[in-house]
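A short write-up of the structure that comes next.
Basis for what follows: all heavy atoms, side chains included, without hydrogens, waters or symmetry-related copies. In what follows, chains carry the letters A, B, and so on, assigned in the order in which the sequence lines appear, proteins first and then strands, with residues in each chain numbered from 1. Nothing here was measured: the structure is a model prediction, and the numbers come from that model.
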Amino acid sequence: MYVEFGCVQDARRVFDGIEMKDVVSWTTIVAGLARAGCLDEARNLFDKMPERSVISWTSMVSGYSQARCAVESIELFKKMISAGVFPDTVAMVAVLSACAQLRDLELSKWVHQYVSYAGIGVSDNLAVALIDVYAKCGDINSARRVFDSSGQKILPAWNAMIDGYCKMGDIDMARSLFDQMEVRDLISFNSMMTGYIQCSQLKQALQLFVELRTSGFQPDKFTLVGLLSACANLNSLDQGKALHAYIEVSSIAFDVFLGTALLDMYAKCGKMDEAMMIFNRIHNKDVMTWTVIISGLAMNGKGKLALEHFDLMRKESIRPNAVAYIGVLTACSHSNLVEEARKHFKEMISLHNIEPEIEHYGCMVDILGRGGLLQEAVKLIDGMPIEPNAVIWGSLLNACRVHKNVDIAEKAANHILALEPNEDAVYVQLYNIYANSGNWASASKIRRLMEERGVKKTAGYSYLTVAGQVHKFIAGDRSHPEINEIETMMDVMAKKLKLAGYLPITSEVSVDVDEEEKEQALFVHSERIAIAYGLMRLGTSLPIHIMKNLRICKDCHIAIKLIAKTWNRKIVVRDRSRFHHFSDGQCSCNDFW
DNA sequence: CCACGAACTA
């Protein structure tokens with residue numbers, strides 16, 4: 001009884017008072033302790049047991065796997081077999097859960113073979129565990145074979161299959177299974193909806209959310225985490241706020257997962273004050289929570305504060321992982337903290353034994369390059385134990401643009417073009433570097449090369465939300481219903497900017513030379529059209545939040561600083577790599593990006 | 001007396 005009520009220590013006292021202890025009483029106490037997470041105590045008693053049943057062994061195997069000690073769990077399972085105890089389906093499920101945690105495909109296959117070899121019948125639950133482990137290890141075909149061969153398919157089996165297909169990115173296959181299901185539960189809906197969100201098929205995700213509601217389900221925390229991550233990636237602050245309000249009035253528990261998702265939404269919408277309030281409300285902050293706040297501060301130009309939070313995190317004895325260090329290095333990169341970056345990069349290896357991945361090298365190349373240490377950046381690339389990818393060379397190329405180094409730029413560009421000959425951004429970057437240095441012959445050679453290879457420049461676009469409606473703007477696109485008013489506003493903007501002393505940077509204007517664009521009378525980048533629309537349609541007290549698919553250019557950056565000052569408006573632009581908070585003629589990035 | 005499913009970070 002005590003075990004059942006979770007009073008393990010009371011149970012332990014009763015147990016110690018029993019004179020004639022049989023296997024069942026031993027097992028009960030061991031299982032109770034293991035389930036309560038008192039693994040050392042459980043193990044201690046387990047080792048002292050005069051005899052052990054399958055259930056005793058399984059209690060320990062599952063205790064370890066539930067405590068996320070997958071290695072110990074599997075070790076114990078192997079000991080159980082060598083002790084001559086035959087596992088049942090329950091034991092197999094327990095050990096497979098440990099395999100799933102490790103994402104160890106080889107081990108999972110071995111366990112599966114053992115099931116056949118030992119003649120253990122595949123129960124419904126065991127089939128689910130097998131499907132789940134294969135799906136988690138990325139072997140969707142094996143998962144499907146188990147699924148197809150299991151006679152009666154219970155709901156979790158379908159859900160595990162759907163989840164597996166979503167993880168593989170095969171959203172159509174997932175949907176086809178979803179449609180075949182006769183009964184669906186909330187998990188089915190959540191899995192499918194999250195799958196759509198992760199494939200950026202947001203219309204479909206929304207449609208599924210509507211279906212979820214009309215099927216009579218109440219959104220739970222998984223639903224909300226999915227929706228919040230969609231808002232985060234779409235910069236949909238209004239919808240995100242509505243979800244936040246819903247969470248506050250609903251009975252959904254505010255736990256670390258939901259808190260982190262909310263925090264991430266606010267950070268990705270450029271609202272660090274709100275993000276910070278959420279952050280302070282989260283009780284059991286884990287490494288992800290800290291990583292989200294560090295990366296959020298980093299992206300929003302508060303690099304120093306981000307690093308302070310990294311120190312706080314370590315004071316709380318939370319061990320940073322590889323992703324946390326990417327946040328730290330991003331903070332250094334966006335705030336030009338070269339020395340701090342060097343220190344953290346070294347500590348990551350020496351203190352935490354984390355092997356730098358390609359992303360860490362990418363950050364370092366970015367930091368060194370933009371700090372003007374181009375030679376050192378090249379040296380780092382040459383000494384990398386991993387083959388540098390296009391992102392690494394792209395960082396170097398970008399640094400060459402900032403620091404006007406044509407020689408290294410050519411080297412970097414050649415590497416990228418060898419790796420990704422259809423990457424339009426490289427041609428554009430190189431073109432700009434040549435154009436900026438006045439080397440028009442080489443510039444036009446690049447232009448011709450692009451034409452020969454049929455590489456099309458990605459159109460730049462920006463969007464903003466007004467009254468819950470998303471408005472997308474592409475330079476030169478006149479399809480917006482209010483285009484005439486917008487163009488009037490653009491004229492007013494141009495006049496006011498001129499009065500404020502704005503001169504377009506002509507070399508940067510050539511950045512986006514696209515013949516089609518050039519023909520347009522209205523030659524401006526999309527973010528400025530979006531800002532014009534924001535000035536027209538948003539209340540004067542509201543900040544203007546813009547999302548842009550490419551990096552903001554120097555000319556627009558200067559112009560927006562002036563617009564923010566002239567109109568006395570806060571303007572936030574989220575470009576493809578970071579945030580720019582414009583206010584009173586200044587930008588949070590201090591012109592470093 | 002033992003088991004099972006989904007989520008947030010670059």
Side-chain angles (χ1 to χ4, degrees), chain A residues 3-4 22-32 34-35 52-63 65-66 87-98 100 123-133 135-136 154-164 166-167 185-195 197-198 220-229 232 255-265 267-268 282 286-296 298-299 320-331 333 357-360 362-363 391 577:
Chain A
V3 172
E4 211 151 282
D22 62 359
V23 183
V24 174
S25 50
W26 274 101
T27 307
T28 310
I29 192 70
V30 167
R35 202 164 19 176
R52 301 174 191 91
S53 67
V54 189
I55 296 174
S56 328
W57 283 97
T58 309
S59 302
M60 284 311 296
V61 171
S62 104
S65 91
Q66 272 176 4
D88 59 5
T89 59
V90 180
M92 299 316 293
V93 172
V95 74
L96 281 169
S97 162
S123 64
D124 289 349
N125 288 331
L126 183 49
V128 175
L130 283 166
I131 293 166
D132 184 58
V133 80
K136 285 213 172 90
I154 55 175
L155 203 43
W158 288 88
N159 290 343
M161 265 329 287
I162 289 175
D163 228 57
C166 287
K167 284 216 174 67
D185 61 4
L186 186 55
I187 298 176
S188 326
F189 276 101
N190 284 344
S191 293
M192 199 61 227
M193 190 188 80
T194 308
I197 289 168
Q198 276 159 5
D220 66 354
K221 56 179 171 172
F222 293 92
T223 325
L224 283 154
V225 168
L227 291 169
L228 282 168
S229 98
D255 67 359
V256 57
F257 281 113
L258 196 54
T260 306
L262 254 176
L263 164 62
D264 186 45
M265 183 277 292
K268 288 225 175 88
I282 302 174
D286 61 12
V287 65
M288 277 201 195
T289 316
W290 285 98
T291 304
V292 173
I293 195 78
I294 291 167
S295 322
M299 283 188 307
N321 61 16
V323 185
Y325 266 106
I326 289 167
V328 169
L329 294 176
T330 313
S333 127
E357 292 161 24
I358 196 112
E359 287 88 352
H360 299 103
C363 288
V391 179
S577 73

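- At least one side-chain nitrogen or oxygen of A:Gln198 sits closer than 4.0 Å to the OP1 or OP2 atom of B:dC8.
- In this structure, the CD1 atom of A:Ile154 is 16 Å from the P atom of B:dA3, given to the nearest Å.
- There is a side-chain donor-acceptor pair under 3.5 Å between A:Ser53 and A:Ser56.
- Across all strands, A:Val292 comes closer than 4.0 Å only to sugar-phosphate atoms, never to a base (heavy-atom distances).
- Between A:Asp163 and A:Ser191, the closest side-chain pair of non-hydrogen atoms falls below 4.5 Å.
- Residue-level contact check: A:Asn321 touches neither bases nor backbone, having no heavy atom under 4.0 Å from any strand.
- Residue-to-nucleotide contacts include no donor-acceptor pair under 3.5 Å from the side chain of A:Asn159 to the base of B:dA6.
- What you find for A:Asp264 and A:Val292 is that their closest heavy atoms are CA-CG1, 3.6 Å.
- Residue-level contact check: A:Asp220 touches the bases, meaning some heavy atom is under 4.0 Å from a base atom.
- Note: CG (A:Asp255) to P (B:dA6) measures 14 Å, nearest angstrom.
- In this structure, CG of A:Leu130 is placed 18 Å from P of B:dA3, rounded to the nearest angstrom.
- Look at A:Lys268 and you'll find a side-chain N or O under 4.0 angstrom from OP1 or OP2 of B:dA10.
- As a whole-Å value, the separation of A:Leu228 CG from B:dA6 C1' is 16 Å.
- Under the side chain to side chain donor-acceptor pair (under 3.5 Å) criterion, A:Asn321 pairs with no residue at all, not counting sequence neighbours.
- Not one side-chain nitrogen or oxygen of A:Gln66 sits closer than 4.0 Å to the OP1 or OP2 atom of B:dC2.
- Look at CG on A:Asp88: it is 12 Å from C1' on B:dC1, rounded to the nearest Å.
- As judged by a 4.0 angstrom heavy-atom cut-off over every strand, A:Asp163 is placed among residues touching the sugar-phosphate backbone only.
- A sub-4.0 Å separation between OP1 or OP2 of B:dA6 and a side-chain N or O of A:Lys136 is present.
- The residue A:Ser97 sits apart from the nucleic acid: no heavy atom pair falls under 4.0 Å.
- Note on A:Asp264: only backbone sugar-phosphate atoms sit closer than 4.0 angstrom, heavy atoms only; bases stay farther off.
- For A:Ser25, the side chain to side chain donor-acceptor pair (under 3.5 Å) test picks out A:Asp22, with sequence neighbours left out.
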